[in-house]
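Chain naming here is simple, since letters A, B, ... match the order of the sequence lines and numbering starts at 1 in each. Below, all heavy atoms of this structure are taken into account, side chains as well, without hydrogens, waters or symmetry copies. In this text the structure is predicted, and so the values were computed from the model without any measurement.
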2 protein chains.
Amino acid sequence: MSTDPPGFVLPLRLLAGFRVLVDRLHAELAEHGHPGLRPVHGFVLQAIGPGGVSAADLGRRLGVSKQAAGKHLETLERLGYVERVPDPADARSKLARLTSRGTDSLALSARIFERLRSEWSTALGPDRLRALEEDLAKVTPGVLLPLDVPGWFGGA
Amino acid sequence: MSTDPPGFVLPLRLLAGFRVLVDRLHAELAEHGHPGLRPVHGFVLQAIGPGGVSAADLGRRLGVSKQAAGKHLETLERLGYVERVPDPADARSKLARLTSRGTDSLALSARIFERLRSEWSTALGPDRLRALEEDLAKVTPGVLLPLDVPGWFGGA
DNA sequence: TAGAGTTAGACAATGTTGTTGTCCATATAG
DNA sequence: CTATATGGACAACAACATTGTCTAACTCTA
């Protein structure tokens, strides 16, 4: 029988797993025509969704200020993933919507994540991977999209 | 029988798990006399270790510039977790060492992580938690301390 | 329908955290 | 002894987020 590892190993393993997946995602995205995308952008693009959002709305969804959200939209617009159109329902507001490049990148990301998951499934066995996902879901109830990672983590 | 979740769920679960643990750690640290510690600091304190390090050395361990490492040491010195003494073996160098408060905070963190792990162990069953740790270790070979999370993740 | 309060987004100022570059003192190799 | 590399301090700069302010537009209510 094996002994339990020290408690601090668990968070490190989780972070390492996240990081391995995301690094491999972005390596592949870069190889397939999306070299400018950064980890945050995936969260932002997901948060924009098919219907489009205003900057203030995006900020609320992501837990950052509307100014910060607006800068993300600016960047993604410059990179061609987002377009901003006047909101027909509110003259103050501009709707940020995904361009076809934006939806393409999301679809490609989904395919890549699917393949990465299937690699893990091969390495670990399908049942154990599913158990891992179920167990993590059990101990992280109601955790949503955490975009504020930079500020959350840092603090020199 | 259940169906597999989409691939993008896996990284989100891993990040959520990491975040839940670290948030609870720092909530408890704050309650027990360490309100100023941030998630990065745990990594820095671990990297300093019992023997002490120079700023340049710390930067290499953490994958950041020596200036950035020096600023972390400055902060931790101001908070009372680190002291800087001249290196007897090198007159250019200053050794950063943990103060007793620094080692105390590490020991407390270890105890808290131990308790958090045991909570997960109760919730999931000891075998499944151990399987989770082993499986993650299997798919994240050789991943060390990633301190560069802010810059890595961000990019407005 | 008029006025009060709220909300969107632009702009400016600021703070934090990281970077590179330069500098001097010290160490080390030839 | 000299040439080179390294440690740490200082300065300039860049990236990213924050708050505050301002104007325009929406919405609720009297």
Side-chain angles (χ1 to χ4, degrees), chain A residues 36-44 47-48 51-79 82-97 145-156, chain B residues 26 35-45 47-48 51-79 81-97 145-156:
Chain A
L37 282 182
R38 313 265 292 120
V40 228
H41 295 150
F43 289 83
V44 179
I48 293 172
V53 285
S54 68
D57 197 5
L58 181 65
R60 278 187 293 269
R61 292 192 196 189
L62 299 174
V64 299
S65 66
K66 61 182 179 178
Q67 289 86 343
K71 288 188 186 179
H72 281 291
L73 290 176
E74 228 175 89
T75 304
L76 288 172
E77 187 177 29
R78 180 168 36 81
L79 293 174
V82 159
E83 58 181 359
R84 302 173 97 167
V85 299
D87 185 339
D90 188 335
R92 296 169 303 177
S93 180
K94 286 196 237 171
L95 270 188
R97 289 188 316 197
L145 289 174
L147 182 79
D148 54 338
V149 175
W152 167 74
F153 193 75
Chain B
H26 284 276
L37 282 182
R38 312 266 293 119
V40 230
H41 295 151
F43 289 83
V44 179
L45 294 175
I48 294 172
V53 285
S54 68
D57 197 4
L58 180 64
R60 277 188 294 268
R61 292 192 196 188
L62 299 174
V64 298
S65 66
K66 61 182 179 179
Q67 290 85 344
K71 289 185 186 181
H72 281 291
L73 290 177
E74 227 175 273
T75 304
L76 287 172
E77 188 177 29
R78 179 167 38 81
L79 293 174
Y81 294 91
V82 159
E83 59 182 358
R84 303 174 95 165
V85 298
D87 185 340
D90 187 336
R92 296 167 303 173
S93 181
K94 285 195 237 172
L95 272 187
R97 288 189 314 197
L145 289 174
L147 182 80
D148 54 339
V149 174
W152 166 76
F153 192 76

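A:S54 comes within 4.0 angstrom of sugar-phosphate atoms only, judged by non-hydrogen atoms across all strands, and of no base. As judged by a 4.0 angstrom heavy-atom cut-off over every strand, A:S65 is placed among the base-contacting residues.
The structure places OG of A:S54 at 6.0 Å from CZ of A:R60, a figure rounded to the nearest 0.5 Å.
Per the geometry, CG belonging to A:L76 stands 14 Å off C1' belonging to D:dC16, to the nearest Å. B:L73 places its CG atom 12 Å from the P atom of C:dG18, with the value rounded to the nearest Å. Atom-to-atom, NE2 of A:H41 to C1' of D:dA15 comes out at 12 Å; the value is rounded to the nearest Å. Look at CZ on B:R78: it is 11 Å from C1' on C:dT16, rounded to the nearest Å. Residue A:R84 contributes atom CZ, which lies 8 Å from atom P of C:dG9 at whole-angstrom precision. Rounded to whole Å, the distance from CD on A:E77 to C1' on C:dA10 is 14 Å. Straight-line distance from the NZ atom of B:K94 to the C1' atom of D:dA9: 8 Å, rounded to whole Å.
Minimum heavy-atom separation, B:A47 to B:L58: CB-CD1, 3.7 Å. Closest approach of A:L95 to A:G52, counting heavy atoms only: CD2-C, 4.1 Å. Listed here is the closest heavy atom pair of A:A69 and A:V64: N-CG2, 4.1 Å.
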Under 3.5 Å donor-acceptor pairs involving side-chain atoms of residues 84-93 of chain A, not counting sequence neighbours:
{"from": "A:D87", "atom 1": "OD1", "to": "A:A89", "atom 2": "N", "distance (Å)": "2.8"}
{"from": "A:D90", "atom 1": "OD1", "to": "A:R92", "atom 2": "N", "distance (Å)": "2.9"}
{"from": "A:D90", "atom 1": "OD1", "to": "A:R92", "atom 2": "NE", "distance (Å)": "3.1"}
{"from": "A:D90", "atom 1": "OD2", "to": "A:R92", "atom 2": "NH2", "distance (Å)": "2.8"}

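Place B:V53 and A:A69 on DNA chain D by their nearest nucleotides, and B:V53 ends up nearer the 5' end.
Just one of B:I48, B:V82, B:L62, B:V44 meets the side-chain contact (heavy atoms from CB on, under 4.5 Å) condition when paired with B:V53; it is B:I48.
For C:dA8, the OP1/OP2 oxygens have a side-chain nitrogen or oxygen of A:R60 closer than 4.0 Å. Residue A:H72 has no polar side-chain atom (N or O) positioned under 4.0 Å from OP1 or OP2 of D:dC16.
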Polar atom pairs between nucleotides 21-27 of chain D and protein, under 3.5 Å, N or O only, would you list them?
{"from": "D:dC26", "atom 1": "OP1", "to": "A:A91", "atom 2": "N", "distance (Å)": "2.9"}

Could you run down the sub-3.5 Å N/O contacts of the protein with nucleotides 1-4 of chain D?
none

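Contacts of B:L37 classified as side chain to side chain contact (heavy atoms under 4.5 Å, CB included), with partners at least two apart in sequence or in another chain: B:H26, B:L29, B:H34, B:H41, B:L45, B:L76, B:Y81, B:S105.
Inter-axis angle, ends of the helix from C:dT1-D:dA30 to C:dG30-D:dC1, five pairs per end, rounded to 10 degrees: 20°.
Applying the 3.5 Å distance criterion, the base of C:dG18 shares a donor-acceptor pair with the side chain of B:K71.
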